[in-house]
2 protein chains.
Amino acid sequence: MGSDDPRRTLTLRDVSEASGVSEMTVSRVLRQRGDVSDATRERVLKAARELGYVPNKIAGALASQRVNLVGVVIPSLSNMVFPEVMTGISAVLENTGLQPVVGVTNYLPEREEKTVYEMLSWRPSGLILAGLEHSAASRAMLRQAGVPLVEIMDIDGQPVDSAVGISHRRAGRQMAEAIVASGYRNIAFMGTQMPNDFRAKKRLEGFEEALRRAGLALVDREYYDGGSALLKGREMTAAVLRRSPQVDFLYYSNDMIGAGGLLYCLDQGIDVPGRVGLAGFNGVELLDGLPRRLATMDACRLEIGTKAAQIIAARNADPELGPEVIELFPTLQPGDTIRQR
Amino acid sequence: MGSDDPRRTLTLRDVSEASGVSEMTVSRVLRQRGDVSDATRERVLKAARELGYVPNKIAGALASQRVNLVGVVIPSLSNMVFPEVMTGISAVLENTGLQPVVGVTNYLPEREEKTVYEMLSWRPSGLILAGLEHSAASRAMLRQAGVPLVEIMDIDGQPVDSAVGISHRRAGRQMAEAIVASGYRNIAFMGTQMPNDFRAKKRLEGFEEALRRAGLALVDREYYDGGSALLKGREMTAAVLRRSPQVDFLYYSNDMIGAGGLLYCLDQGIDVPGRVGLAGFNGVELLDGLPRRLATMDACRLEIGTKAAQIIAARNADPELGPEVIELFPTLQPGDTIRQR
DNA sequence: ATGAAAGCGCTAACAC
DNA sequence: GTGTTAGCGCTTTCAT
């Protein structure tokens, strides 16, 4: 077998010996680089295939100082928003020879710090990171890293390097303005209990700011933590309407709890949007299947993913390129749950 | 600054020079290995922190022949099932020093082959791979790989190495038996148009087999492709009920389209489960928030993730351990959409 | 408790 | 078109 230890993995040398060609030439064939005669190429490929050789990228990366990996650090996979961002990223990277590698932080800053550290320690070709708020240590690492970095989702703040996102503060403001313009006056808010979801927090800030300018304030608010978002939306909505019967609009921090609230209102025979209006945030596909279309705002998830990946790819191809900050503009989808005036 | 090229990333040597200690000792401090005096440790840590040094895992991995990465290859992130598997995997790996790395195949065998190849070329500490069906080339690579492998989700077939999953064939059978036992006789099926979703296919096979044994056959069937699953569930259900008015049970290949069907039936004022019964598959959290509880089967997603990660972790700690095949048993949740007899 | 030497498996750079 | 040499940044092993 040409090997003493049967459990050792194959190396270039094994392919070299099996094909009677130098390691260097084998390397060239396998990387499709430089000129190799067809005859040699065939012999090498045959030998590699027969042995079942898989190149060792660790050694290759160390020698070439090149790693075709792009780290993607996101808070969660389970809220329908990041999977779509990933779709955009994957679609773009597919044609660039770069591979996305996902890390999940669960909205915990210490997990983010650790994940960023781990990713950077693999010297990736780029890093895509959700949000603009990071620990001091994370920011220091990111600045030092020397790889293209794109902070995504949010634009309200100071990016370390490049950024692609929307203004959540403005999104909240816009929604509040639309609601007030439609004549609603007694507005309640429902959201998740997540101190580190800064984007939800900014939306609410913008929302309340616009209310204040209209001489209004939130009539009630409710937060939840864990469990089925749809169910929690129902429960919170029931609680709010019971506690504050004067409420005529329900603003949700995301579509999933908004959908739960909508189903609850319809169950109860509440006139929507006459007696009560509702709005969520994200523009998730799910809404298309509900009995009534929930008002929402598209968070530009796919486009955020594609633009971020494009920045990484471009800066990889041309290291002279500088940072780039791209703001996207979500559109308000009034659906059927806001009164038309 | 002790460096000619300001863009060069820091190495052990930089920390060594900054702290006046040999590279070897710096390495020991940073890996928390071997005996180092407290004074030296402090000096080294201080220097590393001040420089913003991030170790190069590529070099470390090459030298130590050890990579603390576990590849996870799954078909999709967007169907609520794999995120929960990931949660189970992450929870277990967190305490082992191993890090999950996700790759997505979109149910395409060629993408799976490429992803497996890429992952193996990083010489990970283990690989977790969804499903038992893989291309011949993939199987060959996996056999040669020399790393612990766990195929997850499915148990109906021949694993390459370890496996954790449920029998989808039996799950389909069980559901059919429950439906028939409840007196339904005119049963229609709705599912996704995905030739490579072998688990959905096996469920349907088991389902039809049980029907056959009861002297029945599917009355109608409908497939969809892409778009909002909830909406497609509504549309397919409307089409089936229009086309085959005699249908008294709707079996869906997943909960999301089942939920759409349920909402449609309720919208239409159809008596559920009297006139029509419904059932899905997966036991997703979403169902908790619907007006009526859809019958379903829990796919043991979290437990599949944890068990798979445990196998990898255990075999990493003790390389003498052999493969392990674990079958889990999903429970049928009748909900409110199957008649009680 | 600390240091020196060798080498992990590959590729850049150059020679032929 | 192919081979040779050196070395990527660490860790292993052995010496002190």
Side-chain angles (χ1 to χ4, degrees), chain A residues 2-5 7-45 47-48 51 53-68 97 118 120-124 146, chain B residues 2-5 7-45 47-48 51 53-68 97 118 120-124 146:
Chain A
S3 159
D4 296 345
D5 173 7
R7 302 182 52 159
R8 183 181 63 83
T9 65
L10 271 14
T11 70
L12 263 191
R13 168 174 229 104
D14 295 303
V15 183
S16 165
E17 285 171 1
S19 62
V21 176
S22 78
E23 289 184 41
M24 198 54 232
T25 299
V26 174
S27 170
R28 282 195 268 252
V29 170
L30 264 21
R31 284 177 301 143
Q32 338 201 31
R33 272 247 202 309
D35 292 321
V36 182
S37 75
D38 285 358
T40 315
R41 184 196 323 286
E42 285 317 314
R43 273 204 300 164
V44 169
L45 287 177
L51 292 171
Y53 172 72
V54 176
N56 185 332
K57 285 224 178 185
I58 297 171
L62 184 61
S64 68
Q65 306 280 56
R66 221 186 303 285
V67 177
N68 68 335
E118 286 286 320
L120 289 181
S121 71
W122 287 101
R123 302 290 190 268
Chain B
S3 159
D4 296 343
D5 173 6
R7 299 183 54 160
R8 182 182 62 82
T9 66
L10 273 13
T11 69
L12 262 189
R13 167 176 227 105
D14 295 301
V15 183
S16 164
E17 285 172 0
S19 61
V21 175
S22 79
E23 288 185 41
M24 199 48 236
T25 300
V26 173
S27 170
R28 282 196 268 253
V29 171
L30 264 22
R31 283 177 301 142
Q32 337 200 34
R33 270 246 205 312
D35 292 321
V36 182
S37 73
D38 285 358
T40 317
R41 182 194 324 285
E42 285 317 312
R43 274 204 300 166
V44 169
L45 287 176
L51 292 171
Y53 171 72
V54 177
N56 186 331
K57 287 223 178 185
I58 297 172
L62 183 61
S64 67
Q65 306 279 55
R66 222 186 302 285
V67 177
N68 67 335
E118 287 285 323
L120 288 181
S121 71
W122 288 101
R123 303 288 190 267

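Contact check for A:K57 versus B:R123: no side-chain heavy atoms found under the 4.5 Å cut-off. Within the 4.5 Å cutoff, the side chain of B:D14 has no heavy atoms near those of the B:Y53 side chain.
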- Could you go through the side chain to side chain contact (heavy atoms under 4.5 Å, CB included) check for A:S19 and A:V26 one step at a time? CA-CA 9 Å; A:S19 62; A:V26 174; 4.1 Å; yes
Protein N or O to nucleotides 7-9 of chain D N or O, pairs below 3.5 Å:
| from | atom 1 | to | atom 2 | distance (Å) |
| --- | --- | --- | --- | --- |
| D:dC8 | O3' | A:Q65 | NE2 | 3.1 |
| D:dC8 | O2 | A:L62 | O | 3.4 |
| D:dC8 | O2 | A:A63 | N | 3.2 |
| D:dG9 | OP1 | A:Q65 | NE2 | 3.3 |
| D:dG9 | N2 | B:A59 | O | 3.3 |

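Nearest heavy-atom pair, A:L62 versus B:A59, reported as atom, atom and distance to 0.1 Å: CD1-CB, 3.8 Å.
With the end axes of the helix from C:dA1-D:dT16 to C:dC16-D:dG1 each set by five pairs, the angle from one to the other reads 30° at 10° resolution.
Taking atom CZ on B:R66 and atom C1' on D:dT11, their separation rounds to 9 Å, with Å as the unit. As a whole-Å value, the separation of B:L30 CG from D:dC10 C1' is 11 Å. As a whole-Å value, the separation of A:E42 CD from D:dG1 P is 15 Å. Rounded to a whole Å, the CG atom of A:D35 is 9 Å from the P atom of D:dT2.
When atom types are taken as modelled, the side chain of B:R33 and the backbone of B:R28 share no donor-acceptor pair closer than 3.5 angstrom. Using a distance-only test at 3.5 Å, with no hydrogens or angles considered, no donor-acceptor pair links the side chain of B:S121 to the main chain of A:V54. A donor-acceptor pair under 3.5 Å is formed between the side chain of B:S64 and the backbone N or O of B:G60.
The distance from the OG1 atom of B:T25 to the CZ atom of B:R43 is 10.0 Å, given to the nearest 0.5 Å. In this structure, A:R41 CZ and A:D35 CG are separated by 8.5 Å, a value rounded to the nearest 0.5 Å. Rounding to the nearest 0.5 Å gives a distance of 11.0 Å between CG of B:N56 and CG of A:L120.
Nearest nucleotide to the side chain of A:T40, out of D:dG3, D:dT2, D:dG1: D:dT2.
Protein chain B contacts DNA chain C over a range whose 5' and 3' limits, counting nucleotides with an atom under 4.0 angstrom from a non-hydrogen atom, are C:dA1 to C:dG9.
Residue B:R33 places none of its side-chain N or O atoms closer than 4.0 Å to OP1 or OP2 of D:dT11. For B:S27, no side-chain nitrogen or oxygen approaches OP1 or OP2 of D:dC10 to under 4.0 Å.
The number of heavy-atom neighbours closer than 6.0 Å to CZ of B:R31, taken from other residues, nucleotides and ligands shown, is above 12.
Using a 4.0 Å heavy-atom distance criterion, B:R13 is classed as making no nucleic acid contact.
Residue order along DNA chain C, read from the 5' end via each residue's closest nucleotide, puts B:V21 first among A:R28 and B:V21.
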